[in-house]
Amino acid sequence: MRVRPSARPHQDLRMSSLLHHITVDCEDAYALATFWSQVTGHPVSDEDEPGDAECLVELPTGPSLLFIQVPEGKSVKNRLHLDLQPDTTRDEEVERLRGLGATLVDDQRRPDGTGWVVLADPEGNEFCVERSAAERAATS
């Protein structure tokens with residue numbers, strides 16, 4: 001895991017932008033929002049319903065997840081992906097997410113307990129499941 005670099009003296013930190021949404025292009029906005037609602041444990045917006053071209057999952061902190069229906073399908077590996085840190089163990093979370101419809105893309109778990117698992121959501125968008133905070137603490 002990378003450590004965040006400190007601000008460099010020459011950077012102008014007086015202006016900034018707030019991350020409002022992480023937007024995911026998809027074929028079925030409501031279905032994918034429902035999957036990610038189950039992943040995060042936060043509901044799809046009350047304003048959204050099946051067939052909507054845009055659906056939102058509001059998270060308690062940070063940006064929300066916004067799903068936008070687009071005509072083209074996914075064709076290449078994501079250039080940006082989400083890293084999830086579960087409340088339970090990494091392995092329990094991987095099994096839970098697979099039960100929700102995620103598929104295994106790459107398993108980077110190591111014998112010493114470190115590593116991560118790359119999964120894909122029902123539309124093929126890759127994301128990673130890392131170790132929980134408790135798992136990290138136990139090995140550091």
Side-chain angles (χ1 to χ4, degrees):
M1 180 54 65
R2 291 183 172 217
V3 177
R4 294 179 187 197
S6 60
R8 293 182 178 89
H10 66 279
Q11 291 178 318
D12 184 356
L13 298 179
R14 292 175 289 166
M15 289 195 229
S16 64
S17 293
L18 174 69
L19 283 177
H20 187 225
H21 294 124
I22 297 172
T23 303
V24 179
D25 290 350
C26 56
E27 294 175 18
D28 185 334
Y30 190 82
L32 201 55
T34 299
F35 170 82
W36 282 99
S37 170
Q38 293 173 315
V39 169
T40 64
H42 295 282
V44 174
S45 172
D46 291 340
E47 298 175 14
D48 298 327
E49 53 189 49
D52 284 353
E54 296 181 8
C55 293
L56 184 70
V57 175
E58 292 188 68
L59 304 176
T61 60
S64 297
L65 298 174
L66 178 62
F67 300 88
I68 305 284
Q69 191 169 313
V70 297
E72 64 277 353
K74 182 180 179 300
S75 61
V76 297
K77 182 183 181 303
N78 297 8
R79 294 294 301 257
L80 174 74
H81 69 266
L82 303 177
D83 290 339
L84 305 179
Q85 185 179 50
D87 291 333
T88 62
T89 69
R90 175 195 55 215
D91 296 347
E92 289 171 326
E93 184 66 352
V94 166
E95 290 312 308
R96 182 182 82 87
L97 298 174
R98 291 184 76 186
L100 294 176
T103 55
L104 180 66
V105 174
D106 190 22
D107 193 334
Q108 292 292 321
R109 290 177 276 198
R110 298 184 190 110
D112 67 357
T114 61
W116 63 93
V117 177
V118 181
L119 298 175
D121 70 19
E123 289 200 14
N125 300 298
E126 297 92 358
F127 62 96
C128 294
V129 180
E130 301 176 344
R131 295 179 298 155
S132 68
E135 289 173 300
R136 288 174 188 269
T139 60
S140 60

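Quick note: numbers below take in every heavy atom, side chains included, and nothing from hydrogens, waters or symmetry partners.
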Same apolar cluster (I L V M F W Y, side chains within < 4.5 Å links), L84/I22: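 Yes, same cluster.
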Using a 4.5 Å cut-off on heavy atoms from C-beta on, say whether the side chain of E92 contacts that of P86.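 Counting from C-beta outward, P86 and E92 never come under 4.5 Å.
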Are V57 and F67 packed together at the side-chain level, in the sense that at least one heavy-atom pair is separated by less than 4.5 angstrom?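 V57 reaches F67 side chain to side chain.
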Just by distance, do the side chain of [X] and the backbone of [Y] share a donor-acceptor pair under 3.5 Å?
| X | Y | answer |
| --- | --- | --- |
| E123 | D28 | yes |
| T34 | Y30 | yes |
| K77 | R79 | no |
| N78 | N125 | no |

From CA spacing to verdict: side-chain contact (heavy atoms from CB on, under 4.5 Å), E126, D106: CA-CA 10 Å; E126 297 92 358; D106 190 22; over 6 Å; no
Full working for side-chain contact (heavy atoms from CB on, under 4.5 Å) between L82 and W36: CA-CA 11 Å; L82 303 177; W36 282 99; 4.0 Å; yes
Only one of R136, R90, R109 forms a salt bridge (Lys or Arg N to Asp or Glu O under 4.0 Å) with E130, so which one is it?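 Result for salt bridge (Lys or Arg N to Asp or Glu O under 4.0 Å) with E130: R136.
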Candidate list L97, V94, L119, test side-chain contact (heavy atoms from CB on, under 4.5 Å), partner L104, passing option: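 Exactly one candidate clears the test, L119.
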Over all atoms of both residues, closest heavy-atom pair of [X] and [Y]:
| X | Y | result |
| --- | --- | --- |
| A120 | F127 | C-CE2, 3.7 Å |
| C128 | H81 | SG-NE2, 3.6 Å |
| A53 | A29 | O-CB, 3.7 Å |

Which value, rounded to the nearest 0.5 Å, describes the distance between [X] atom [atom1] and [Y] atom [atom2]?
| X | Y | atom1 | atom2 | value |
| --- | --- | --- | --- | --- |
| L66 | D25 | CG | CG | 9.5 Å |
| E135 | Q85 | CD | CD | 9.0 Å |
| E47 | E49 | CD | CD | 10.5 Å |
| T89 | E95 | OG1 | CD | 9.5 Å |
| C26 | Q69 | SG | CD | 6.5 Å |
| L59 | L65 | CG | CG | 4.5 Å |

E93/R96 salt bridge by N-O under 4.0 Å criterion: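 Counted as a salt bridge, because a side-chain N and a carboxylate O are separated by less than 4.0 Å.
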Any ion pair linking D112 and R110 (charged N to carboxylate O, less than 4.0 Å)?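 No.
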